[in-house]
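Working notes, structure below.
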Amino acid sequence: MKTEQVPQVLRLRKSHEPDPEAPPDIEIGNRLEQAQSLPAAFVASIVAVVVFSVLWAMFSLLINKFFPWFTMLMGVFIGLAVRRAGLGLDWRFPVLAAAMALVGSIVGNLIVAAAFTASEMQSSTLTVLADIAQLDWATFFDEVLTPADAIFAAFASAIAAFYSMRRLTRRQYLALRLWRQSKD
C-alpha cells in the first residue's frame with residue numbers, strides 16, 4: 001500500500017527547502033526602468049487637470065452648488081493618470097503628481113468660479129476666463145480661495161502622490177532590485 005504525501009496548506013515552508021521558483025531575469029528590471037516616462041506623466045497630469053476641472057464646473061453648474069472636496073477627488077485622478085502614463089518607480093513621479101495636484105486645485109477652483117460668474121453675467125465661461133488676465137489675481141485669491149481650499153489642496157497632493165507610483169509584483173520588484181544592485 002502506497003502512502004501519498006498530501007501537501008498541508010497551513011504548514012510553513014522549511015528554511016532548508018529549496019526555493020520552488022528560479023530567480024527572475026535581471027533584464028526585466030532593466031525594462032521596468034526603461035519604461036518610465038516623466039514627460040508622458042506630465043502630459044497625462046495636465047490632461048487630467050483640464051478634463052476634471054471642466055467636469056467639476058459642469059457638475060457644479062448642474063447642481064448649482066460648489067463642492068470644494070472635489071479637489072481631493074482630482075488628486076486621485078491625477079495620481080492614477082501619472083501612474084498609468086508614467087509607469088514611475090522613483091521619487092520623481094510622486095513629486096510631479098503632488099505638484100500637479102496643487103496646480104490643479106487652483107485651476108479647478110478658477111474654472112468653477114469662472115463658470116459661476118459666467119452664469120450670473122449671462123456670458124460664457126470661456127469669455128470670463130479670457131477676461132481673467134485683466135483682473136487682479138490678488139482679488140481672486142482673496143475672494144474665491146479659502147483656507148479650506150488650501151487644506152483640500154494639501155490632501156489632494158498627498159493623495160495624488162500616493163496613487164502615482166507603479167505597482168509591481170513580487171517578481172518584478174525582485175528583478176528591479178537585482179538590476180539596481182548589478183548597476184552599482
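From a predicted model like this one, the values you see are computed outputs, not experimental measurements. Just so it is clear, the values below take in all heavy atoms, side chains as well, and ignore hydrogens, waters and symmetry mates.
Contact record, Leu168 with Gln172: CA-OE1, 3.4 Å, taken as the closest heavy-atom pair. The two residues Leu102 and Ser157 make their nearest non-hydrogen contact at CG-CB, 4.0 Å. Across every non-hydrogen atom of Gly104 and Val49, the tightest pair is CA-CG1, 3.7 Å. Taking every heavy atom of both residues into account, Phe152 and Met72 meet most closely at O-CG, 3.8 Å. The shortest heavy-atom contact between Gly108 and Met74 is CA-CE, 4.3 Å. Closest non-hydrogen pair, Gly75 versus Ile159, comes out as C-CG2, 4.0 Å.
By the rule that hydrophobic residues join a cluster once side-chain heavy atoms approach within less than 4.5 Å of another member, Leu32 and Trp179 end up as members of separate clusters. Residues Leu178 and Leu176 do not share a hydrophobic cluster, clusters being chains of Ile/Leu/Val/Met/Phe/Trp/Tyr side chains in contact below 4.5 Å. Cluster membership for Trp69 and Ile151, using ILVMFWY side-chain heavy atoms within less than 4.5 angstrom, is shared. Under the 4.5 Å side-chain heavy-atom criterion for grouping Ile, Leu, Val, Met, Phe, Trp and Tyr, Leu62 is not connected to Leu55 through any hydrophobic cluster.
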message: Would Met58 and Leu61 count as a side chain to side chain contact (heavy atoms under 4.5 Å, CB included) here? Give the steps.
response: CA-CA 5 Å; Met58 289 171 41; Leu61 284 177; 5.9 Å; no

message: Please determine whether side chain to side chain contact (heavy atoms under 4.5 Å, CB included) holds for the pair Val76 and Phe162, giving the CA-CA distance in whole Å, both sets of side-chain angles, and the decisive distance to 0.1 Å.
response: CA-CA 9 Å; Val76 172; Phe162 174 76; over 6 Å; no

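Below 30°, between 30° and 60°, or above 60°: for Phe66 and Trp56 the angle between ring planes is below 30°, a parallel geometry.
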In residues 78-98, what donor-acceptor pairs under 3.5 Å come from side-chain atoms, sequence neighbours left out?
from: Arg83; atom 1: NE; to: Tyr163; atom 2: O; distance (Å): 3.1
from: Arg83; atom 1: NE; to: Met165; atom 2: O; distance (Å): 3.2
from: Arg83; atom 1: NH2; to: Tyr163; atom 2: O; distance (Å): 3.4
from: Asp90; atom 1: OD1; to: Arg92; atom 2: NE; distance (Å): 3.3
from: Asp90; atom 1: OD2; to: Arg92; atom 2: NE; distance (Å): 3.0
from: Asp90; atom 1: OD2; to: Arg92; atom 2: NH2; distance (Å): 3.2

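Using modelled atom types, no side-chain atom of Ser60 and backbone atom of Ala57 make a donor-acceptor pair closer than 3.5 Å. Looking at Asn109, its side chain never comes within 3.5 Å of a backbone N or O of Ile106 through a donor-acceptor pair.
No more than 12 heavy atoms of other residues, nucleotides or ligands shown are found within 6.0 angstrom of NZ on Lys65. Phe116 CZ: more than 12 foreign heavy atoms inside a 6.0 Å radius. Enclosure of atom CZ in Arg170 is not indicated, since only 12 or fewer non-hydrogen atoms of other residues, nucleotides or ligands lie within 6.0 angstrom. Within a 6.0 Å sphere centred on CZ of Phe70, heavy atoms belonging to other residues, nucleotides or ligands number more than 12.
Between Leu145 atom CG and Ser105 atom OG the span is 7.5 Å, to the nearest 0.5 Å.
Between the side chains of Glu33 and Asn30, no donor-acceptor pair of N or O atoms lies under 3.5 Å.
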